[in-house]
Novice: 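Here you go, one structure.
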Amino acid sequence: MENLKIAMQDVASKIEVTLDELMPLTNLPEARVIEAMRYSALGGGKRLRPFLVLNSARLFDVDDKYSLRIASALEMIHCYSLIHDDLPAMDDDDMRRGRPTNHKAFDEATAILAGDSLLTYAFEVLADEKTSPDAKVRCELVKELAIASGGFRGMVSGQMLDLTAGDKPDIDLTTISRLQDMKTGCLIRYACEAGAIIGKASDDEKEALVSYSKDIGLAFQITDDILDVEGDANLVGKALRKDEEAGKVTFVSLLGLDEAKARAKELVERANQTLDIFGKRAELLKQVANYILIRKS
Ligand code: GRG
């Protein structure tokens with residue numbers, strides 16, 4: 001695990017530098033929105049999605065200078081979703097990553113704009129030639145990210161279902177899995193898929209990465225539900241036990257803690273098996289899947 005820790009810190013610092021360069025501060029009168037974007041995008045976090053992008057792309061010897069731009073675009077979408085999710089109209093949270101949420105640090109209108117701007121800027125970054133000299137690759141990266149984050153079969157659809165789930169206490173495991181697959185899973189899937197796209201992976205290689213990412217995405221959400229019940233709010237960096245208070249159906253409420261943990265473990269084991277086609281080169285991806293099971297934040 002020491003290896004993994006160093007590798008994750010390395011990606012986190014590289015992504016911090018890239019995001020900082022991509023979003024320079026300005027003296028212009030509208031600078032407040034840039035400050036709010038930087039507040040959330042440079043505000044720490046595990047950088048799991050960037051780690052997955054870089055290490056999937058490295059399987060195909062892609063230069064990090066390309067993957068870092070893709071990872072930054074994906075992190076921008078992730079941060080936009082967190083800003084909007086924390087708003088009073090959605091989850092109404094005061095703390096995120098151990099500090100005030102964007103709308104608490106700025107104001108609601110600025111937080112909405114910062115989220116909007118991160119969402120659109122992500123596509124500008126992807127569409128730029130610096131992301132890939134191959135226009136077909138850029139197009140595919142843009143298209144798949146739009147699908148993963150959108151409202152037809154992506155993150156926004158998952159969020160919509162989540163917002164209305166409270167009114168439907170009879171939700172079953174299939175429904176909750178579909179909801180979470182869209183809300184959390186789609187961006188995690190994109191991280192690995194993007195590595196395959198930029199790496200011009202074969203169909204089998206791409207399929208293996210997508211299958212791995214689907215399984216770890218679900219395991220990630222199950223552990224999120226577990227952390228909500230037995231996690232430490234100081235380590236997680238936000239208020240916990242909100243699901244139970246809101247009467248929300250989660251993997252833990254449906255399966256119980258032990259069964260939820262067993263399910264997450266099974267998913268990670270299956271995910272790691274699918275990476276066997278890459279041999280030793282997939283070691284870090286396997287380690288990060290194992291880390292999902294024991295994460296404390
Ligand atoms: C508002 C369109 C819109 C979508 C919001 C992702 C999401 C949908 C809401 C976040 C709510 C939440 C806590 C989901 C559980 C899984 C998740 C995405 C956790 C946060 O991701 P981490 O743990 O965060 O990777 P860090 O801070 O490490 O980047």
Side-chain angles (χ1 to χ4, degrees), residues 8-9 11-12 15-16 19 39-53 71-72 74-99 101-103 108 111-112 114-116 118-120 122 145-165 176-177 179-191 213 216-229 231 233 235-243 246 248 250-252 264 288-289 291-297:
M8 285 184 83
Q9 279 165 354
V11 169
I15 204 77
E16 199 81 11
L19 284 166
Y39 178 81
S40 290
L42 299 174
K46 295 178 290 297
R47 308 297 194 189
L48 171 69
R49 295 156 194 79
F51 185 85
L52 292 171
V53 175
S72 296
L74 177 55
E75 197 66 0
M76 285 176 204
I77 301 276
H78 171 56
C79 294
Y80 125 73
S81 82
L82 299 180
I83 296 174
H84 282 195
D85 185 63
D86 290 335
L87 286 168
M90 300 223 189
D91 231 18
D92 194 10
D93 273 306
D94 294 348
M95 296 296 286
R96 165 77 61 186
R97 292 171 170 168
R99 43 186 211 151
T101 45
N102 199 290
H103 65 276
E108 251 185 88
I112 292 170
D116 292 343
L118 284 166
L119 167 62
T120 47
L145 185 58
I147 292 172
S149 46
F152 285 96
R153 47 194 193 279
M155 178 177 67
V156 168
S157 330
Q159 180 75 347
M160 186 74 254
L161 285 177
D162 198 29
L163 289 174
T164 51
I176 199 89
S177 301
L179 181 166
Q180 299 300 357
D181 177 57
M182 291 192 287
K183 191 179 108 176
T184 311
C186 281
L187 290 196
I188 291 181
R189 182 152 68 247
Y190 178 79
S213 61
I216 64 162
L218 194 51
F220 184 87
Q221 184 56 49
I222 295 175
T223 55
D224 212 72
D225 289 351
I226 295 170
L227 280 175
D228 192 64
V229 174
L235 296 177
V236 179
K238 60 173 186 174
L240 297 178
R241 326 299 159 222
K242 286 193 75 181
D243 293 343
K248 261 192 175 175
T250 68
F251 287 107
V252 173
V288 84
Y291 153 79
I292 286 173
L293 294 176
I294 55 160
R295 71 192 179 99
K296 302 277 179 247
S297 67

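In each ligand, atom 1 is the first atom listed, and ligand 1 is the first ligand listed.
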Novice: Look up atom CD in Gln159 and atom OG1 in Thr164, then write down how far apart they are to the nearest 0.5 Å.
Specialist: 10.0 Å

Novice: Distance from Asp116 atom CG to His84 atom NE2, nearest 0.5 Å?
Specialist: 4.5 Å

Novice: Which atoms of ligand 1 are found less than 4.0 Å from any heavy atom of His84?
Specialist: 1 (C)

Novice: Among Lys183, Met160, Gln159, Met182, which one puts a heavy atom closest to atom 14 (C) of ligand 1?
Specialist: Lys183

Novice: Examine Arg49 relative to Phe220 and say whether NZ or CZ is less than 6.0 Å from the centre of the six-membered ring and inside a 45° cone about the ring axis.
Specialist: yes

Novice: Could you work out, with ring pair (Phe, Tyr, Trp, His ring centres under 6.0 Å) as the rule, every residue matching Phe251, not counting sequence neighbours?
Specialist: none

Novice: Counting distance only, does the side-chain N/O of Asp228 pair as donor-acceptor with the main-chain N or O of Arg241 below 3.5 Å?
Specialist: yes

Novice: Please identify which atoms of ligand 1 are closer than 4.0 Å to at least one heavy atom of Ser81.
Specialist: 1 (C), 4 (C), 5 (C), 6 (C)

Novice: Tell me whether Arg49 has any N or O atom under 3.5 angstrom from an N or O of ligand 1.
Specialist: yes

Novice: If you count the atoms of ligand 1 from 1 in the order shown, which ones are under 4.0 Å from a heavy atom of Arg97?
Specialist: 26 (P), 27 (O), 29 (O)

Novice: Does atom CZ of Arg153 have more than 12 heavy-atom neighbours from other groups under 6.0 Å away?
Specialist: no

Novice: Can a donor-acceptor pair be found, under 3.5 Å and without considering hydrogens, that links the side chain of Ser40 to the backbone of Cys79?
Specialist: no

Novice: Return the minimal non-hydrogen interatomic distance between Ser149 and Ile77, and the atom names on each side.
Specialist: CB-CG2, 3.7 Å

Novice: Based purely on interatomic distance, does Asp224 place a nitrogen or oxygen under 3.5 Å from a nitrogen or oxygen of ligand 1?
Specialist: no

Novice: Relative to the heavy atoms of Asp85, which atoms of ligand 1 are at a distance of less than 4.0 Å?
Specialist: 1 (C), 5 (C), 9 (C), 10 (C), 11 (C)

Novice: Could you identify the single nearest non-hydrogen protein atom to atom 13 (C) of ligand 1 and state the distance to 0.1 Å?
Specialist: Lys238 NZ, 3.1 Å

Novice: Show me which atoms of ligand 1 lie under 4.0 Å from any heavy atom of Tyr80.
Specialist: 2 (C)

Novice: Using distance alone, determine whether Lys46 and ligand 1 share an N or O pair under 3.5 Å.
Specialist: yes

Novice: Return the closest protein heavy atom for atom 17 (C) of ligand 1 as residue, atom name and distance.
Specialist: Phe220 CE2, 4.0 Å

Novice: Could you find the nearest protein heavy atom to atom 24 (O) of ligand 1 and give me its residue, atom name and distance?
Specialist: His78 NE2, 3.5 Å

Novice: Under a 4.0 angstrom heavy-atom cut-off, which atoms of ligand 1 come close to Gln221?
Specialist: 15 (C), 16 (C)

Novice: Checking salt bridge (Lys or Arg N to Asp or Glu O under 4.0 Å) against Asp224, which of Lys183, Arg295, Lys46 comes through?
Specialist: Arg295

